[in-house]
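All remarks here apply to the structure that follows.
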Amino acid sequence: MTDDDTIVVIGAGITGLTAAHTLSAQGRRVTLLDAADRVGGRILSSPFAGHMVDCGADAFLARVPDAVELCRELGLDHLLTSPASSSAHVWTAGALRRLPAGLVLGVPTDLEALGDSGIISADGLARAAEDLDRTEWPEGEPGPDPEGADDRSVGDLVRSRLGDEVFERLVAPLLSGVNAGDADVLSLATGAAQLAAAARREPSLIRSLRQQQEAARASGADPQAPVFAGLPGGTQMLTDTLRAELERRGGDLRLGVAATGLRHEGHRWMIDTTEGTLPAAAVVLALPAAPSARLLAPHAPEGAAELARLEYASVAMITLAVRRADLACDLDGSGFLVALTDRLPALTACSWASSKWAHLADPDIAVLRVSAGRHGDTAALALDDTALTEAIAADLTTTMGLDGPLLEVRITRWDDALPQFRPGHLGRVRALRAELDAGPPGLVVAGAAHDGLGIPSCVRQARNAVQHLAEQGF
Ligand SMILES: Cc1cc2nc3c(=O)[nH]c(=O)nc-3n(C[C@H](O)[C@H](O)[C@H](O)COP(=O)(O)OP(=O)(O)OC[C@H]3O[C@@H](n4cnc5c(N)ncnc54)[C@H](O)[C@@H]3O)c2cc1C
């Protein structure tokens, strides 16, 4: 193999690491670049209160296979653990209220449980129940095209089918907990594909979701199977193991090296970097939208311009240790979300990490992972660390009755971290890929900016990118 065979992967987040690992496991010569001085991108774990505690992602969906399969391939599957407690709460009407059983991305399928939860009013419950009477699709439907052409927002669908209360107290908090954004303008196809599929199948969203659940049961799926999985050493175990595997196979990892330009010359790609120019047979771009769009602009001008318009939310993750005895609530669950109608000054969600994960359990100390900041509202993020900590402590007093000192605090600021997918996003991604395919072969894109955020989606996109290169003969 010559240098001309090298495939260069740009960006060493979970996407780029997975692509580089997959290529090197196939015997390809790989160079992996990252502008930062570490691998992992948006994934980071560090010691806190005597444990490894994640500063970002702490779990990944287990019901879609991609991330779990990658763990198996890396020999990490025996370590996988599921949350000790998965039942969450929502802060609404002055109290933490347990989410009812049967929610699918916040959409209720068990209206009795919803009524008992106290989360929505009698009128809100009656409005949600109207969905069950629907025998015809509302005008302008059936539903969105999942590929993006007729996509619309999650708010548009859920408000019209089940009313504002279900949307504002259940669906929007759950989805905002994932992308720190506004579910009223979130692409249904990208951000809530399961709801998009359900809305297309049946005029009643609740009936359609119940049918999905029944079909899953009939196919032998365990309804109690955990939705999420995590790694006791922190999610960074996954990215560290990918790095180690890549290096073990002789992959060339270059940290602190940013790609600044991308040209096609003869039959090769030339990558300009902060440390000189690298030739490559093919290139995988696994970057956030802005740097990716800059590199793509000469090769796919229209797609790059659309990608450059993708907005991101910045968030902060404030990890705290407090005495359990200083809390007025019993921490029976995985944490809480905040209803749109009951916003707090700083806190947007709180994970009860030491209850959620058995490996973080402690009889005396509670570890809390609190999120602040959302797309379009950066007031909390503008505070310095001291003021942000005070604001979060005040919100914990309001919600959980915190009355005591913060024993340990860690603040991780994630700037421009979470892409905000607007309706039609997947159509724009498809057009970008078509534009690239019409040009010289050997340039592919993958990662959270494209088919959706989250670890399983990024792993799947990395695999697809490698597969696409193989189909092009690389
Ligand atoms: C606070 C938080 C909590 C989250 N929680 C979860 C969760 O619980 N479960 C879940 O599944 N997902 C979660 N996510 C989402 C998930 O972490 C991301 O979707 C995923 O890690 C993105 O990976 P990526 O490879 O696409 O991009 P990134 O991780 O952003 O990696 C891109 C890499 O490109 C590098 N780069 C940028 N410009 C250049 C350049 N010019 N040249 C070279 N390198 C460059 C960057 O340094 C970075 O390392 C969370 C995200 C955040 C921020």
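Here the structure is a predicted model, which is why all the values come from computation and not from measurement. Order of appearance sets the numbers: ligands from 1, and atoms from 1 within every ligand.
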Query - Atoms in ligand 1 with a heavy atom of Ala59 nearer than 4.0 Å - result: 7 (C), 8 (O), 9 (N), 10 (C), 11 (O)
**Report entry** Under-4.0 Å heavy-atom contact with ligand 1, by part of Thr412 that carries it
**Finding:** neither
**Report entry** Thr260 and ligand 1 - part of the residue with a heavy-atom distance under 4.0 Å
**Finding:** neither
Report task. Of the side chain and backbone of Ala286, name the one, both, or neither that has a heavy atom under 4.0 Å from an atom of ligand 1. Result -> backbone
Query raised in the report: For ligand 1, which atoms sit closer than 4.0 Å to a heavy atom of Leu453?
Result: 19 (O)
Query raised in the report: Between Glu247 and Arg254, does at least one N-O distance fall below 4.0 Å, as a salt bridge requires?
Result: no
Query raised in the report: Quick one: does Asp416's side chain have a donor or acceptor within less than 3.5 Å of a partner on Ser314's backbone?
Result: no
Query raised in the report: Should the ring pair His299 and Trp269 be called parallel, tilted or perpendicular, given that the plane angle runs from 0 to 90° and is split at 30 and 60?
Result: perpendicular
Query raised in the report: If you count the non-hydrogen atoms of other residues, nucleotides and ligands that lie under 6.0 Å from CD in Glu302, is the total more than 12?
Result: no
Query - Donor-acceptor contact present, side-chain Ser457 to main-chain Gly454, <3.5 Å - result: no
Query raised in the report: In terms of residue, atom name and distance, what is the protein heavy atom nearest to atom 49 (O) of ligand 1?
Result: Asp34 OD2, 2.6 Å
Query raised in the report: Should you measure from each heavy atom of Val257, which atoms of ligand 1 turn up under 4.0 Å away?
Result: 43 (C)
Query raised in the report: Any N or O on Trp414 sitting closer than 3.5 Å to an N or O of ligand 1?
Result: no
Query raised in the report: Does any N or O in the side chain of Asp252 come within less than 3.5 Å of the main-chain N or O of Thr31, such that one atom is a donor and the other an acceptor?
Result: no
**Report entry** Subset of ligand 1 atoms that lie under 4.0 Å from at least one heavy atom of Asp58
**Finding:** 8 (O)
Query raised in the report: Above 12 or not: heavy atoms from other molecules or residues under 6.0 Å from CG of Asp330?
Result: yes
Query raised in the report: Side chain, backbone, both or neither: which part of Ala35 comes within less than 4.0 Å of ligand 1 when only heavy atoms are counted?
Result: both
Query - Residues Asp451, Arg433: salt bridge by 4.0 Å N-O rule - result: yes
**Report entry** Closest protein heavy atom (residue, atom, distance) for atom 42 (N) of ligand 1
**Finding:** Ala259 N, 2.9 Å
Requested in this report: Establish whether atom 27 (O) of ligand 1 and some protein heavy atom are separated by less than 4.0 angstrom.
Outcome: no
**Report entry** Arg72 (side chain) donor-acceptor with His78 (main chain) under 3.5 angstrom
**Finding:** no
Query raised in the report: At a non-hydrogen distance cut-off of under 4.0 Å, which region of Leu61 contacts ligand 1 (side chain, backbone, both, or neither)?
Result: neither
Query - atom 5 (N) of ligand 1: the protein heavy-atom neighbour that sits closest, reported with distance to 0.1 Å - result: Ala57 CA, 3.1 Å
Query - Mode of Cys458 contact toward ligand 1 - side chain, backbone, both, neither (heavy atoms, under 4.0 Å) - result: side chain
Report task. For ligand 1, indicate whether the residue Ala417 contacts it via side chain, backbone, both or neither (heavy-atom separation under 4.0 Å). Result -> side chain
Requested in this report: Under 4.0 Å from a heavy atom of Ile10: give me the atoms of ligand 1 that qualify, with their elements.
Outcome: 42 (N), 43 (C)
**Report entry** Atoms of ligand 1 close to Ala448 [distance to a heavy atom under 4.0 angstrom, numbered from 1]
**Finding:** 19 (O), 22 (C), 26 (O)
Requested in this report: Please confirm whether the backbone N or O of Thr260 pairs with a side-chain atom of Asp272, one donor and one acceptor, at under 3.5 Å?
Outcome: no
Requested in this report: Report, in ascending order of atom number, the atoms of ligand 1 lying under 4.0 Å from any heavy atom of Ile455.
Outcome: 10 (C), 11 (O), 12 (N)
Query raised in the report: With a cut-off of 4.0 Å, which atoms of ligand 1 are near a heavy atom of Gly447?
Result: 26 (O)
Query raised in the report: Touching ligand 1 at all, Leu17? Heavy atoms, strictly under 4.0 Å?
Result: no
Query raised in the report: Short N/O distance, under 3.5 Å, between Cys55 and ligand 1?
Result: no
